Amino acid sequence: GAPIRKEIGVEFAQAQRDAVAKTIYSRLFDMIVGTIGDMLGGGGGSKQAAKDQHLATVGLLDIFGFEDMMVNGFEQLFINLTNERIQHLFNSIMFERELAVYRQEGIEAAFDPGM
């Protein structure tokens, strides 16, 4: 058949675009988590499967925690990982400054920034 065209307006089109993008990210994230779960023997990586079968799980924990939502999307993971990197950079700078003060005062100390 012939294509059907309908004027929907810019705001509606942007909302539809965003909805499709969020759905793609969410499904991709679910697929990645499911694949990791399968590799660990978790049968899809679902929380319920892990509880029911007492299997290995992978959890992501950041110092701020995920936002208070029923489900955290793929974009929230990127936001949290970015926040973690910023916090790590801040901590590294502050600890290095503190160690410089310690050295000036003749105090021996070490700092391993990790990551």
Side-chain angles (χ1 to χ4, degrees):
I4 299 173
R5 297 182 187 271
K6 178 180 177 185
E7 293 291 326
I8 58 173
V10 173
E11 287 182 19
F12 188 74
Q14 289 173 339
Q16 292 299 308
R17 176 204 60 204
D18 294 347
V20 169
K22 286 179 182 180
T23 299
I24 291 169
Y25 285 133
S26 179
R27 289 184 182 175
L28 179 61
F29 182 75
D30 290 345
M31 184 196 74
I32 291 169
V33 170
T35 300
I36 292 171
D38 288 342
M39 294 171 95
L40 293 173
S46 73
K47 289 181 184 176
Q48 191 59 43
K51 283 182 184 177
D52 292 345
Q53 300 174 16
H54 304 289
L55 300 171
T57 60
V58 172
L60 297 174
L61 175 65
D62 63 324
I63 60 173
F64 301 110
F66 271 179
E67 302 305 315
D68 188 17
M69 298 178 215
M70 291 295 289
V71 176
N72 285 290
F74 197 48
E75 64 275 8
Q76 187 63 42
L77 176 66
F78 285 126
I79 291 167
N80 286 23
L81 289 174
T82 301
N83 285 340
E84 289 298 325
R85 295 302 296 159
I86 292 169
Q87 185 66 44
H88 177 73
L89 176 63
F90 173 80
N91 289 343
S92 295
I93 292 169
M94 294 307 294
F95 280 109
E96 288 299 330
R97 287 181 180 176
E98 194 65 26
L99 286 173
V101 172
Y102 286 6
R103 283 189 290 273
Q104 288 175 349
E105 295 176 359
I107 300 171
E108 290 186 35
F111 170 63
D112 179 9
M115 295 173 97

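Every value quoted in this text rests on a predicted model; they were computed, and no experiment measured them.
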task: Indicate whether any N or O donor in one side chain lies under 3.5 Å from an N or O acceptor in the other, for Asp18 and Gln14.
output: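 Checked: Asp18/Gln14 side chains show no N/O donor-acceptor pair below 3.5 Å.
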
- request: Decide whether Ile107 and Phe95 are clustered together by the hydrophobic rule: side chain heavy atoms of Ile, Leu, Val, Met, Phe, Trp, Tyr closer than 4.5 Å, transitively.
  value: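 Yes, because Ile107 and Phe95 connect within a single hydrophobic cluster, where side-chain heavy atoms sit under 4.5 Å apart.
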
- prompt: Are Leu81 and Leu89 joined in one hydrophobic group, where the rule is that I, L, V, M, F, W and Y side chains link up if heavy atoms are under 4.5 Å apart?
  reply: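 No.
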
query: When rounded to the nearest 0.5 angstrom, what distance separates CD in Glu11 from CD in Gln16?
result: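 Reported value, rounded in 0.5 Å steps: 12.5 Å.
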
field: Rounded distance [0.5 Å steps], CD1 in Ile24 versus CG in Leu28
entry: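 Between Ile24 CD1 and Leu28 CG, I get 9.0 Å after rounding to 0.5 Å.
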
field: Worked verdict on Gln87 versus Asn91 for side-chain hydrogen bond (donor to acceptor under 3.5 Å, both in side chains)
entry: CA-CA 6 Å; Gln87 185 66 44; Asn91 289 343; 3.1 Å; yes

message: Minimum heavy-atom separation for Leu99 and Ala109, please, with both atom names.
response: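 The answer is CD2-CB, 3.5 Å.
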
- prompt: For Glu96 and Arg103, which heavy atoms make the closest approach, and how far apart are they?
  reply: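 Minimum heavy-atom separation between Glu96 and Arg103: O-NH2, 4.3 Å.
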
query: Considering residues, nucleotides and ligands other than Arg97, do more than 12 of their heavy atoms fall under 6.0 Å from its CZ?
result: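 For Arg97, atom CZ is not crowded (no more than 12 foreign heavy atoms under 6.0 Å).
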
